[in-house]
Amino acid sequence: MQIYKVGGAVRDRLLGKPVTDIDWVVVGATTEEMLAKGFRPVGADFPVFLHPKSGEEYALARTERKSGRGYGGFTFHASPEVTLEEDLIRRDLTINAMAEDDQQNLTDPYHGQRDLEARLLRHVSPAFAEDPLRVLRVARFAARYAGLGFTVAPETLELMRQLSESGELEALTAERSWKEISRALMEDQPQVFIEVLRECGALKVLMPEVDALFGVPQPEAHHPEIDTGVHTLSVLEQAAQHKQPLTVRWACLLHDLGKGLTPEEEWPRHIAHEHKGLKLIKAVNERFKAPKDCQELALLVGEYHTHGHRALELKPSTLLELLQSFDVYRRPHRFEEFIAACEMDARGRKGLEQRSYPQAEYLRGAANATRTVAVQPLLEKGFKGPELGEAIKRERLKALKAYKEAASA
Ligand code: ATP
Ligand code: MG
């Protein structure tokens with residue numbers, strides 16, 4: 001048997017990028033031989049094994065054929081006769097379809113190295129169209145390597161366009177899609193992921209609620225970039241530049257969905273878009289079965305981001321309601337993420353990227369002010385049950401009034 005490094009490890013070494021996980025392909029071996037060498041099988045349908053020591057993935061060279069809709073409709077054929085070239089041709093991009101032996105001799109039948117130099121994301125063969133997930137993968141690689149100057153080859157974009165129009169994207173499972181979306185959002189330039197999806201028509205299918213934001217104007221006084229889609233991309237870009245976690249990035253992407261629902265005659269104003277957007281945010285959350293913390297933050301940011309921006313003008317009672325909606329005493333971390341998302345929203349406006357956001361400190365201060373209210377003295381006064389709750393609320397309100405006065409003094 002011959003063993004080769006494949007995929008990302010080869011690509012990233014040639015790009016001079018750090019290699020984190022290594023995928024291997026094994027040519028000329030049977031399952032029995034692998035088991036006899038101590039490899040542990042993973043997955044029922046794939047001929048993939050884990051190395052007994054390193055735990056890295058070793059896949060038997062295989063060919064694939066599409067036999068139906070979606071990913072379930074794939075048949076695999078692995079045997080010792082399958083050649084390295086046959087295995088490589090089933091891969092998505094030419095830059096991912098190179099193999100390397102232990103002497104670093106490159107096998108590159110589909111010219112991945114040429115495309116690395118040309119900074120092109122190009123599909124290996126027309127079989128690309130057999131797995132719609134590749135549309136998301138290409139957009140994700142575009143987001144990852146945009147900083148190096150990579151773009152999607154025109155003929156690949158055309159294939160992605162055909163795939164998006166074919167209805168195949170709808171056959172993707174929530175789990176496979178979310179894995180790509182979440183990884184893409186964590187790349188350096190996540191806005192490129194959304195741009196590429198939009199360019200090939202996939203955004204309209206996957207997240208029509210986000211696609212609808214393009215072409216929707218906002219008041220120029222607050223939003224010099226005017227277009228809501230452009231603004232959303234900038235907010236995402238800011239979130240990546242400020243190294244925000246996935247929860248915040250997801251919330252940034254979805255915060256303004258309500259603006260896509262405004263009737264044209266009301267443009268460029270978007271009255272109550274925060275509230276109107278909630279059902280759309282919920283729909284996108286559920287479509288991709290986003291993790292609970294992502295879902296929750298997206299809904300809260302959607303509903304309250306304008307409160308965040310107006311923090312300094314809010315009445316103490318409104319401020320208290322805001323803090324309580326966030327359950328800030330038990331979930332301080334989530335409130336911090338809300339503040340971060342609001343700040344990214346404010347910075348994601350043309351020409352205002354560097355403007356300071358005093359609301360952040362103010363909101364933190366407000367949460368801290370209410371935290372100083374101690375429960376023990378109220379218990380000692382004999383409050384209990386709902387009355388205790390009311391008493392705590394009154395004390396917190398008092399604390400917020402004092403905080404607001406001190407801040408404006
Ligand atoms: P990363 O750095 O994100 O891990 P990678 O290229 O190693 O990038 P993996 O998802 O680990 O990506 O997959 C390893 C290799 O398997 C890819 O380089 C590619 O050749 C192939 N591959 C993975 N998923 C697909 C797919 N859906 N269609 C075609 N080829 C794929
Ligand atoms: Mg990999």
Side-chain angles (χ1 to χ4, degrees), residues 3-27 42-43 45-51 54-66 70-76 78 82 84-100 106-113 115-116 121-148 150 156 159-160 163 168-169 171-173 175-190 192-193 202:
I3 298 178
Y4 303 88
K5 240 182 231 179
V6 278
V10 180
R11 176 196 70 221
D12 287 337
R13 185 185 69 77
L14 292 171
L15 281 173
K17 289 248 162 190
V19 172
T20 41
D21 75 334
I22 304 181
D23 300 299
W24 304 87
V25 66
V26 184
V27 179
V42 278
D45 3 296
F46 284 24
V48 178
F49 304 84
L50 297 183
H51 192 277
S54 71
E56 285 167 352
E57 276 192 14
Y58 286 68
L60 293 188
R62 66 178 190 255
T63 58
E64 293 176 353
R65 216 149 298 128
K66 193 172 172 63
Y71 198 61
F74 258 101
T75 50
F76 300 91
V82 175
L84 183 58
E85 284 74 10
E86 285 171 328
D87 179 275
L88 293 175
I89 202 169
R90 71 173 170 83
R91 293 168 186 271
D92 47 6
L93 296 171
T94 59
I95 63 166
N96 289 343
M98 296 181 277
E100 194 177 85
L106 203 63
T107 303
D108 180 18
Y110 311 109
H111 310 294
Q113 219 177 359
D115 287 338
L116 271 185
L121 303 171
R122 189 201 304 277
H123 64 285
V124 175
S125 86
F128 178 91
E130 294 183 354
D131 178 9
L133 189 76
R134 292 169 188 159
V135 173
L136 282 87
R137 282 180 59 89
V138 174
R140 171 164 71 79
F141 284 115
R144 184 188 295 179
Y145 297 123
L148 294 176
F150 276 83
T156 302
L159 258 185
M160 291 162 70
L163 257 169
E168 279 284 317
L169 284 175
L172 286 173
T173 63
E175 288 75 13
R176 290 188 86 209
S177 301
W178 177 256
K179 202 169 156 212
E180 290 303 323
I181 293 167
S182 56
R183 291 182 75 186
L185 289 178
M186 290 313 290
E187 297 293 354
D188 284 347
Q189 302 211 41
V192 173
F193 175 69

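We count ligands from 1, going down the list as the structure has it; atoms in each ligand are counted the same way.
With rounding to the nearest 0.5 Å, the separation of OG1 in Thr173 from CH2 in Trp178 is 13.5 Å. The line from CD of Glu130 to CD of Glu168 is 10.0 Å long, rounded to the nearest 0.5 Å.
With Thr75 contributing its side chain and Arg65 its backbone, the two residues share a donor-acceptor pair below 3.5 Å. No donor-acceptor pair under 3.5 Å is formed between the side chain of Ser177 and the backbone N or O of Leu172.
Of all the atoms in ligand 1, the ones that sit under 4.0 Å from a non-hydrogen atom of Gly8 are 5 (P), 6 (O), 7 (O), 18 (O). Listed by atom number, the atoms of ligand 1 under 4.0 Å from Gly7 heavy atoms are 18 (O). Atom numbering of ligand 1 starts at 1 in the shown order; those under 4.0 Å from a heavy atom of Arg183 are 1 (P), 3 (O), 4 (O). The ligand atoms of ligand 1 that sit less than 4.0 angstrom from a heavy atom of Arg144 are 1 (P), 2 (O), 3 (O). Heavy-atom contacts of Arg11 reach the following atoms of ligand 1: 1 (P), 2 (O), 5 (P), 6 (O), 8 (O) (cutoff under 4.0 Å). Listed by number with element, the atoms of ligand 1 under 4.0 Å from a non-hydrogen atom of Asp23 are 7 (O), 11 (O), 14 (C).
Residue-level proximity to ligand 1 for Phe141 is carried by the side chain, the only part with a heavy atom below 4.0 angstrom. With a heavy-atom cut-off of 4.0 Å, Asp131 touches ligand 1 through its side chain alone. For Glu57, no heavy-atom contact with ligand 1 is shorter than 4.0 Å. Within the 4.0 Å heavy-atom criterion, both parts of Asp92, backbone and side chain, lie near ligand 1.
Using bins of under 30°, 30° to 60° and over 60° for the plane-to-plane angle, the ring pair Tyr58/Trp24 lands in the parallel bin.
Of the polar atoms of Ala97, none of the N or O atoms is found under 3.5 Å from an N or O of ligand 1, judged by distance alone.
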Under the side chain to side chain contact (heavy atoms under 4.5 Å, CB included) criterion, do Thr107 and Leu88 qualify, and how do the steps go?
CA-CA 9 Å; Thr107 303; Leu88 293 175; 4.3 Å; yes
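Classification of Arg134 and Asp92 as a salt-bridged pair fails, no side-chain N sitting under 4.0 Å from a carboxylate O.
With sequence neighbours excluded, the residues satisfying side-chain hydrogen bond (donor to acceptor under 3.5 Å, both in side chains) with Arg122 are Asp115, Glu155.
Here atom 23 (C) of ligand 1 lies nearest to Arg137 when heavy atoms of Arg137, Lys179, Glu187, Arg91 are compared. Of all the listed residues (Arg134, Glu180, Glu130, Arg90), Arg134 holds the heavy atom that lies closest to atom 26 (C) of ligand 1.
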